[in-house]
Amino acid sequence: MSSITASSVGHAELATLKALALSGGLDGDQKVSCSALAERLDASTQTASRRLQRLEEADLVEREIVSDGQWVTVTEAGERALQREYADYRRIFERDASVELRGSITSGMGEGRHYISLPGYMRQFEDRLGYEPFLGTLNVELGEESVRERGRLSSFEPVTIDGWEDDERTYGPAYCYPAAVEVEGGESGAAASDDGDTARFEDAHVITPERTHHGDDQLEIIAPVKLRDELDLADGSPLTIHVTEQR
Ligand SMILES: Cc1cc2nc3c(=O)[nH]c(=O)nc-3n(C[C@H](O)[C@H](O)[C@H](O)COP(=O)(O)O)c2cc1C
Ligand SMILES: Nc1ccn([C@@H]2O[C@H](COP(=O)(O)OP(=O)(O)O)[C@@H](O)[C@H]2O)c(=O)n1
Ligand SMILES: [Mg+2]
């Protein structure tokens with residue numbers, strides 16, 4: 001039995017294990033030369049060789065040395081070690097998989113209502129969002145920081161509403177992200193919820209049409225209800241939008 005265990009290999013060995021999994025996958029042998037591995041790890045050949053030896057001693061890889069290199073397999077224990085790293089990263093990033101945007105209600109050009117009502121879009125909303133949206137988009141003028149923050153939405157997986165065409169023209173696609181809309185009670189005169197503090201509507205979506213007349217500073221929201229009525233909003237009312245990655 002080896003005295004080295006998976007938990008006792010260091011970060012350098014784990015990085016080596018990751019490089020092996022990236023280049024050869026986890027299913028089967030791969031021919032590895034220490035000099036090529038060294039180059040990938042930005043280390044000397046001796047260092048790469050020593051790390052492989054440690055990984056073998058910890059039963060994270062199996063090796064067969066041949067004249068022109070070695071055959072290396074990541075073991076089940078090796079895969080588990082990588083899974084633990086993966087789980088850590090998921091914890092780090094999944095907790096962050098929500099974007100909070102702040103802004104105030106504004107009136108737009110009155111076109112949202114028309115686009116939402118078109119059957120080519122409406123069918124898809126019902127299918128893919130599971131509801132028939134109120135006819136219109138609630139427009140939000142974003143604060144400066146939120147204009148920057150909304151860029152993070154591009155790393156989210158959207159619900160895609162496909163483009164389509166009729167006899168006269170083509171219509172562009174639009175991307176939807178689940179969102180909760182929250183309004184602070186108090187001076188704004190917004191609707192008070194049961195606890196008297198905030199009113200919140202959970203089942204809305206941020207919608208970003210690919211073709212739009214608005215810039216990055218305007219956010220559009222759709223929902224099964226008229227949010228102005230539901231949350232007692234008027235132009236200028238401040239609100240927070242919690243956008244989450246779809247599950
Ligand atoms: C589902 C959807 C699809 C849209 N498709 C188009 C389009 O194909 N071409 C276009 O010029 N604008 C399109 N728009 C954008 C509207 O022209 C407009 O910029 C936007 O919805 C804001 O309207 P509002 O100011 O009335 O709220 C679309 C909007 C929505 C909601
Ligand atoms: N879910 C929704 C969608 C739109 N609306 C409002 O419904 C009206 C029609 O939407 P629109 O997109 O055609 O109009 P504007 O956003 O251009 O003003 C606007 O006053 C929106 O703010 C709402 O209260 N709740
Ligand atoms: Mg609108």
Side-chain angles (χ1 to χ4, degrees), residues 99-144 146-147 149-151 153-154 156-193 198-246:
V99 172
E100 261 187 34
L101 303 172
R102 275 174 240 283
S104 55
I105 297 297
T106 175
S107 289
M109 301 170 292
E111 282 185 11
R113 178 184 173 79
H114 168 69
Y115 279 97
I116 296 295
S117 73
L118 295 171
Y121 288 126
M122 189 53 91
R123 269 194 294 276
Q124 298 185 62
F125 291 139
E126 288 175 8
D127 266 16
R128 298 175 190 178
L129 303 182
Y131 62 85
E132 180 180 319
F134 174 81
L135 299 184
T137 60
L138 181 74
N139 295 30
V140 179
E141 172 85 40
L142 293 176
E144 202 179 312
S146 294
V147 175
E149 189 73 0
R150 81 174 288 177
L153 291 186
S154 60
F156 284 18
E157 189 70 38
V159 179
T160 299
I161 304 298
D162 295 318
W164 53 284
E165 58 182 72
D166 61 17
D167 295 340
E168 272 146 43
R169 54 165 286 197
T170 64
Y171 296 85
Y175 307 99
C176 299
Y177 305 88
V181 180
E182 192 174 285
V183 190
E184 306 259 326
E187 315 110 337
S188 73
S193 65
T198 59
R200 189 170 159 117
F201 187 85
E202 294 287 342
D203 304 314
H205 286 84
V206 165
I207 184 165
T208 60
E210 197 170 277
R211 304 176 192 164
T212 177
H213 306 295
H214 294 302
D216 271 1
D217 58 339
Q218 287 244 345
L219 194 72
E220 289 180 82
I221 298 169
I222 58 173
V225 297
K226 182 170 189 177
L227 290 167
R228 279 184 189 262
D229 292 349
E230 183 78 15
L231 298 174
D232 199 7
L233 300 166
D235 280 5
S237 301
L239 75 172
T240 304
I241 301 110
H242 305 265
V243 193
T244 48
E245 189 144 29
Q246 63 167 318

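Along the sequence shown, the residues carry numbers beginning at 1. Whatever order the structure lists ligands and atoms in, that order sets their numbers, starting from 1.
- Not one N or O of F125 is nearer than 3.5 Å to an N or O of ligand 1, by distance alone.
- Scanning all protein heavy atoms for the shortest distance to atom 26 (O) of ligand 1 gives E111 N, 2.5 Å.
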Legend entry - D162 and T160: CA distance, side-chain angles, deciding distance, side-chain hydrogen bond (donor to acceptor under 3.5 Å, both in side chains) verdict: CA-CA 6 Å; D162 295 318; T160 299; 5.7 Å; no

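- Using a 3.5 Å distance cut-off with no hydrogens or angles, the side chains of E141 and T106 do not pair a donor with an acceptor.
- Of all the heavy atoms of I116, none lies under 4.0 Å from any atom of ligand 2, so neither backbone nor side chain is involved.
- Atom 17 (O) of ligand 2 has G110 N, 2.6 Å as its closest protein atom, hydrogens excluded (heavy atom only).
- Distances between N or O atoms of G110 and those of ligand 1 include at least one value under 3.5 Å.
- Short contacts between ligand 2 and R113, defined as distances under 4.0 Å to a heavy atom of the residue, involve ligand atoms 11 (P), 12 (O), 13 (O).
- For residue T137, an N/O/S atom approaches the Mg ion (ligand 3) to within less than 2.8 Å.
- Those atoms of ligand 2 with a heavy atom of M109 less than 4.0 angstrom away are 17 (O).
- The N/O atoms of T212, backbone and side chain alike, include one that comes under 3.5 Å of an N/O atom in ligand 1.
- Atoms of ligand 2 lying under 4.0 Å from at least one heavy atom of F134, given by number and element, are 2 (C), 3 (C), 4 (C), 5 (N), 7 (O), 25 (N).
- Considering each of G136, P133, S107, the one bringing a non-hydrogen atom nearest atom 10 (O) of ligand 2 is G136.
- Distances below 4.0 Å separate heavy atoms of H214 from the following atoms of ligand 1: 22 (C), 23 (O), 24 (P), 25 (O).
- Counting the atoms of ligand 2 from 1 in the order shown, those under 4.0 Å from a heavy atom of N139 are 16 (O).
- Distances from atom 15 (C) of ligand 1 to the heavy atoms of M122, R211, Q124 put R211 nearest.
- Nearest to atom 1 (N) of ligand 2 by heavy-atom distance, out of D229, I221, V225, L233, is V225.
- Look at M109 and the Mg ion (ligand 3): no N/O/S atom of the residue is under 2.8 Å from the metal.
- Between M109 and ligand 1, a contact under 3.5 Å exists for at least one N or O pair.
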